[in-house]
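The structure appears below as structure tokens.
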Amino acid sequence: MVSLSTMTEPQRNDQELRRLEELHLLRSMGVDPYPTSFNKTHDAATILRDFSDDAPDALNTVHVAGRIMTVRRMGKASFWHIQDHSGRIQIYLKKDDLGEQYDSLKLYDIGDIIGVEGFVFRTRMGEISVHARTLTLLTKSLRPIPVAKEETDEQGNVTRYDAFADKELRYRRRYLDLIANPHIKDTFVKRARIISVMRRFFDERGWLEVETPILQPLYGGATARPFVTHHNALDVDLYLRIADELYLKRLIVGGFEGVYEISKNFRNEGMDKTHNPEYTALEIYVAYKDYVWMMDMTEECLNTVVREVVGTETVLFQDVELSFARPFRRAKMFDLYREHTGKDLRGLSREELLAAAKELHVGVDPKASAMKILDEIFSVLVQPHLIQPTFVTDYPVEMSPLAKAHPTEAGLVERFELFINGNEVANAFSELNDPIDQRERLEDQARIRADGDDEAMSVDEDFLQAIEVGMPPTAGLGIGIDRLVMLLTNNDSIRDVVFFPQMRPEH
RNA sequence: GAUCCCGUAGCUCAGCUGGUAGAGCAUUUGACUUUUAAUCAAAGGGUCUUGGGUUCGAGUCCCAACGGGGUCACCA
């Protein structure tokens, strides 16, 4: 039996106890179960790509490494599959080559990580494999991993049996998910590429990537409930940022003419398929530009991202084909109301809007503000129709306390939101840089807040001082990265595009 | 937060109107030197999420809690 140490030791099941015994047996045989390195020369995928039946000796010495995923023992020969970051490759192990070590192979398990030196060949059944000359244990695994069998038919279609599918376990133990369902890595690789293409797009144009505080004494730049934390040395409460907007604008005041940040934001609200308490947003601000310019830039940026990451200008999401070909549709908000409700809602009073909502069978709280009613009608009757990328422009000023008033359209601001597949993906405006107007708008917000809406913004005096120093005309844009990734990777839950989605603690 | 569904072996799942647990893979032992969801033979493995209740008897029925998923509400 294994001597259990005095350190905290979890309950072990029979399989785990057996693996511990194997570990000790291997040690007693002089095998280091956790050596420091291995000189890996080839990825599985590289071998599968480079092997040629015309020159079978070309890959005469390869060093591969990975996790044992399948074991087929046939007496004095065995076939294993190992999995590395590029895929799987079969290893052929023969007693003739490994001698005494072959007999200790029973101490190796699915889940162990090994290194193999050998030559590449094609088996009688046609599978490109590595014929092992030497085998090295690189990491002994003490816990069984989910084993999903797969069958590949003549056409190359893969059928999975007993795939590791429990969503809770997949999210809580993402490492097991990544091992057992390696295809999900594609989503995360694409996520990284989406961000890297965007970063390059901005960098090439001379805009500076910056970092601004996550811990903020006042939260602003959006309407949302924040997380609160406490700084002991200062003995003050701080908020985890809900947006970085107000800090990026301070940098524009400071003289940078283009800044962006890929920002983890935190919102203390409900969780569902499209909301995780922490999420990633891109925000970018460019001086001397307005929202029309920003629409062009957004279009070009997203078109570039889609072409580089997906390879085409169209993306299949669920059953819908989304076209990112330029130009995207542009429509004024109140024109869309007319298009989808048959009504002109512009300039209507709260009571008139309430009546309109009733006529349109949109249920709203009778006490709701005019803006809430407009918002509700939009999300019920307009938004679901915005499937192909659509810029919705010119919002009511009350909905947009940080956006610049439209010069010719009274009551509206220079703002757009980009909708794709019925969801908001981007939000942008010509930034309000009139300090008097900005102060009034924030004071309005503060009043709404005092009336009980804890999502309304507060007056950030330091921000207002910055604007009073003078911010040049500036266009700003925010893009919800997680939702963009969902669209481009055909995932309908944010939990599938975030490695470690927020979960309730177990037990 | 409201509502519906789910929680059985390491994984994927059965378990009918209540009679104290089953399969496949994984694991163990044996056979097999080009197999591939390898095959063949045998074996071990479960306080049925937790706590109450009804009952002679609960995985199964009832209540509550915990965890997950879906829908709605709030929001990006």
Side-chain angles (χ1 to χ4, degrees), chain A residues 11-19 21-22 69-81 88 90-98 102 106 109-111 121-127 129 131 141-153 158-173 176 179-181 221-225 242-243 265-282 363 365 372 375-376 379 417 419 423-427 453-455 478-484 486 492-495 501 503-507:
Chain A
Q11 283 286 313
R12 302 280 187 192
N13 65 30
D14 57 335
Q15 294 196 42
E16 290 160 0
L17 288 171
R18 185 187 49 72
R19 282 167 184 247
E21 285 180 47
E22 288 170 349
M69 298 303 288
T70 69
V71 170
R72 287 180 298 285
R73 187 148 196 253
M74 318 194 33
K76 298 186 179 63
S78 294
F79 292 88
W80 296 359
H81 276 102
R88 288 187 185 191
Q90 182 167 258
I91 308 296
Y92 179 50
L93 302 145
K94 222 163 90 163
K95 178 152 185 165
D96 295 346
D97 303 298
L98 297 174
Y102 189 85
K106 61 167 67 103
D109 286 294
I110 289 175
F121 75 113
R122 190 186 287 276
T123 67
R124 197 180 288 161
M125 298 300 287
E127 179 161 353
S129 307
H131 188 132
S141 168
L142 297 183
R143 285 180 186 266
I145 60 171
V147 180
K149 296 253 173 173
E150 28 187 75
E151 182 179 26
T152 310
D153 68 12
V158 176
T159 313
R160 285 194 176 74
Y161 299 88
D162 301 334
F164 182 53
D166 184 301
K167 284 193 174 180
E168 179 175 3
L169 280 177
R170 287 186 47 220
Y171 297 144
R172 286 194 195 276
R173 307 217 223 291
L176 290 180
I179 293 167
N181 302 314
T223 54
R225 260 184 289 272
I242 59 171
N265 294 341
F266 306 84
R267 299 195 179 178
N268 206 340
E269 285 159 354
M271 301 155 55
D272 59 30
K273 282 169 101 159
T274 53
H275 300 261
N276 196 54
E278 57 181 286
Y279 70 100
T280 304
L282 164 93
D365 181 350
K372 279 257 194 276
D375 215 23
E376 190 59 25
S379 58
E417 290 190 304
F419 288 86
N423 286 311
E424 184 197 338
V425 170
N427 180 24
D453 185 347
D454 57 355
E455 287 184 1
I479 294 180
I481 295 295
D482 309 272
R483 290 181 180 180
L484 180 64
M486 286 166 63
D492 75 341
S493 171
I494 194 169
R495 297 182 197 103
M503 303 285 277
R504 278 201 172 77
E506 281 180 283
H507 307 298

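Residue numbers begin at 1 in each chain, while the letters A, B, ... track the order of the sequences.
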Below 3.5 Å between N/O atoms, which protein atoms pair up with nucleotides 40-43 of chain B? Just atom names and distances, please.
none

- Message: Give me the distance, rounded to whole Å, that separates B:rA9 from B:rG44 when you measure between the C1' atoms they each carry.
- Response: 11 Å
Please tabulate, one pair per line, each protein N/O and nucleotide N/O from nucleotides 68-70 of chain B that are separated by under 3.5 Å, including the distance.
{"from": "B:rG68", "atom 1": "OP1", "to": "A:Arg504", "atom 2": "N", "distance (Å)": "2.8"}
{"from": "B:rG68", "atom 1": "OP2", "to": "A:Arg504", "atom 2": "NH1", "distance (Å)": "3.2"}
{"from": "B:rG68", "atom 1": "O4'", "to": "A:Glu168", "atom 2": "OE1", "distance (Å)": "3.1"}
{"from": "B:rG69", "atom 1": "OP1", "to": "A:Arg495", "atom 2": "NE", "distance (Å)": "3.3"}
{"from": "B:rG70", "atom 1": "OP2", "to": "A:Arg495", "atom 2": "NH1", "distance (Å)": "3.1"}

- Message: Using a heavy-atom cut-off of 4.0 Å across all strands, would you classify A:Tyr92 as base, sugar-phosphate, or nothing?
- Response: base
- Between which residue ranges does RNA chain B form stems of three or more consecutive Watson-Crick or G-U wobble pairs, both distances under 3.5 Å? B:1-7 with B:66-72, B:10-13 with B:22-25, B:27-31 with B:39-43, B:49-53 with B:61-65
- Query: What is the distance from CD of A:Glu376 to C1' of B:rC72, rounded to the nearest Å?
  - Reply: 12 Å
- Considering just the side-chain nitrogens and oxygens of A:Arg72, establish if one lies under 4.0 Å of OP1 or OP2 belonging to B:rA38. yes
- Item | d(CD, A:Gln90; P, B:rU36) in whole Å | 10 Å
- Please evaluate the base of B:rU34 for a donor-acceptor partner in the side chain of A:Arg124 within a cut-off of under 3.5 Å? no
- Give A:Ala163 one of three labels, base, sugar-phosphate or nothing, depending on what nucleic acid heavy atoms sit under 4.0 Å from its own. sugar-phosphate
- Give one of base, sugar-phosphate or nothing for A:Asp375, where a contact means two heavy atoms less than 4.0 Å apart. nothing
- Message: Quick check on RNA chain B: between A:Glu22 and A:Asp162, whose nearest nucleotide comes earlier from the 5' end?
- Response: A:Asp162
- Message: Please classify the nucleic acid contact of A:Thr223 as base, sugar-phosphate, or nothing, using heavy-atom distances under 4.0 Å.
- Response: sugar-phosphate
- Check A:Pro505 against A:Arg172 and note the closest heavy-atom contact, atom names and distance. C-NH1, 4.1 Å
- On a whole-Å scale, what distance lies between the C1' atoms belonging to B:rU49 and B:rU60? 16 Å
- Using whole Å, report how far NZ of A:Lys372 lies from C1' of B:rC74. 9 Å
- Item | Shortest side-chain distance from A:Thr123, nucleotide among B:rU12, B:rU28, B:rU34 | B:rU34
- To the nearest 0.5 angstrom, please state how far the CH2 atom of A:Trp80 sits from the CG atom of A:Leu93. 5.5 Å
- With B for base contact, S for sugar-phosphate-only contact and - for none (protein heavy atoms under 4.0 Å), nucleotides 3-9 of chain B reads -------
- Are A:His81 and A:Glu150 close enough that a side-chain donor and a side-chain acceptor fall under 3.5 Å? no
- Between OH on residue A:Tyr102 and NZ on residue A:Lys95, distance to nearest 0.5 Å: 8.5 Å
- Message: Applying the side-chain contact (heavy atoms from CB on, under 4.5 Å) criterion to A:Ile494, which one of A:Met271, A:Lys273, A:Met486 satisfies it?
- Response: A:Met486
- Apply side chain to side chain contact (heavy atoms under 4.5 Å, CB included) to A:Ile179 and A:Met69, showing your working. CA-CA 9 Å; A:Ile179 293 167; A:Met69 298 303 288; 3.8 Å; yes
- With a non-hydrogen cut-off below 4.0 angstrom, is A:Lys94 in contact with a base, only sugar-phosphate, or nothing? base
- Interatomic distance where CD1 belongs to A:Ile179 and C1' belongs to B:rG10 [whole Å]: 14 Å
- Message: Are there over 12 heavy-atom neighbours, none belonging to A:Arg72, within less than 6.0 Å of that residue's CZ?
- Response: yes
- Message: In whole Å, I'd like the distance from the CZ atom of A:Arg73 to the C1' atom of B:rU27.
- Response: 15 Å
- Select base, sugar-phosphate, or nothing to describe what A:His81 touches, counting heavy atoms under 4.0 Å on all strands. base
- Query: Which whole-number value in Å describes the distance from A:Tyr279 OH to B:rC74 C1'?
  - Reply: 14 Å
- Item | Nearest-angstrom distance, C1' atom, B:rU12 to B:rG7 | 14 Å
- With sequence neighbours left out, what residues match A:Asp14 under side-chain hydrogen bond (donor to acceptor under 3.5 Å, both in side chains)? none
- Query: B:rG18 and B:rG59: how far apart are their C1' atoms, nearest whole angstrom?
  - Reply: 10 Å
- A:Ser141 versus A:Arg19, closest heavy-atom pair with distance: O-NH1, 3.2 Å
- Query: Closest approach of A:Gln90 and A:Ser129, non-hydrogen atoms and distance?
  - Reply: NE2-OG, 3.0 Å
- Identify which one of A:Gln15, A:Glu21, A:Glu16, A:Glu22 satisfies the side-chain hydrogen bond (donor to acceptor under 3.5 Å, both in side chains) criterion when paired with A:Arg18. A:Glu22
- Task: Look at the side chain of A:Arg18 and decide which nucleotide, out of B:rU35, B:rU28, B:rU34, has an atom nearest to it.
- Result: B:rU28
- Query: Say you pick atom C1' in B:rU8 and the same atom in B:rU47; how far apart are they, in whole Å?
  - Reply: 13 Å
- Separation between CG (A:Asp482) and CG (A:Asn265), nearest 0.5 Å, reads 10.0 Å
- Measure the distance from CZ on A:Arg225 to P on B:rG1 and round it to the nearest whole Å. 12 Å
- Item | B:rU39 to B:rG57 separation - P atoms, rounded to the nearest Å | 46 Å
- Message: Using a heavy-atom cut-off of 4.0 Å across all strands, would you classify A:Ala165 as base, sugar-phosphate, or nothing?
- Response: sugar-phosphate
- Query: Taking the side chain of A:Leu169 as its heavy atoms from C-beta onward, which of B:rU35, B:rC11, B:rA37 lies nearest to it?
  - Reply: B:rC11
- Message: Working to the nearest 0.5 angstrom, can you tell me the gap between A:Phe266 CZ and A:Ile242 CD1?
- Response: 12.5 Å
- Message: For a quick test of reading the model, state the closest non-hydrogen atom pair linking A:Ala180 to A:Pro146 and the distance between them.
- Response: CB-O, 4.1 Å
- Query: When the ring planes of A:His131 and A:Tyr92 are compared, do they come out parallel, tilted or perpendicular, using 30° and 60° as the limits?
  - Reply: perpendicular
- State whether A:Lys76 places a side-chain N or O below 4.0 Å from either non-bridging phosphate oxygen (OP1 or OP2) of B:rA31. no
- Message: To the nearest 0.5 Å, what is the distance between CG on A:Leu484 and CG on A:Asn423?
- Response: 11.5 Å
- Message: On a heavy-atom basis, which atom in A:Ala224 and which in A:Arg267 lie closest, and how many Å separate them?
- Response: CB-CD, 3.5 Å
- Item | Expected output: side-chain A:Asn276 to main-chain A:Arg495 donor-acceptor under 3.5 Å | no
Nucleotide N/O to protein N/O under 3.5 Å, stretch nucleotides 44-46 of chain B:
{"from": "B:rG44", "atom 1": "N2", "to": "A:Asp14", "atom 2": "OD2", "distance (Å)": "3.3"}

- Item | A:Phe79 CZ to B:rC32 P, straight-line distance once rounded to whole Å | 16 Å
- Task: First locate atom CZ of A:Arg122, then atom CD of A:Glu127, and finally report the distance between them rounded to the nearest 0.5 Å.
- Result: 9.5 Å
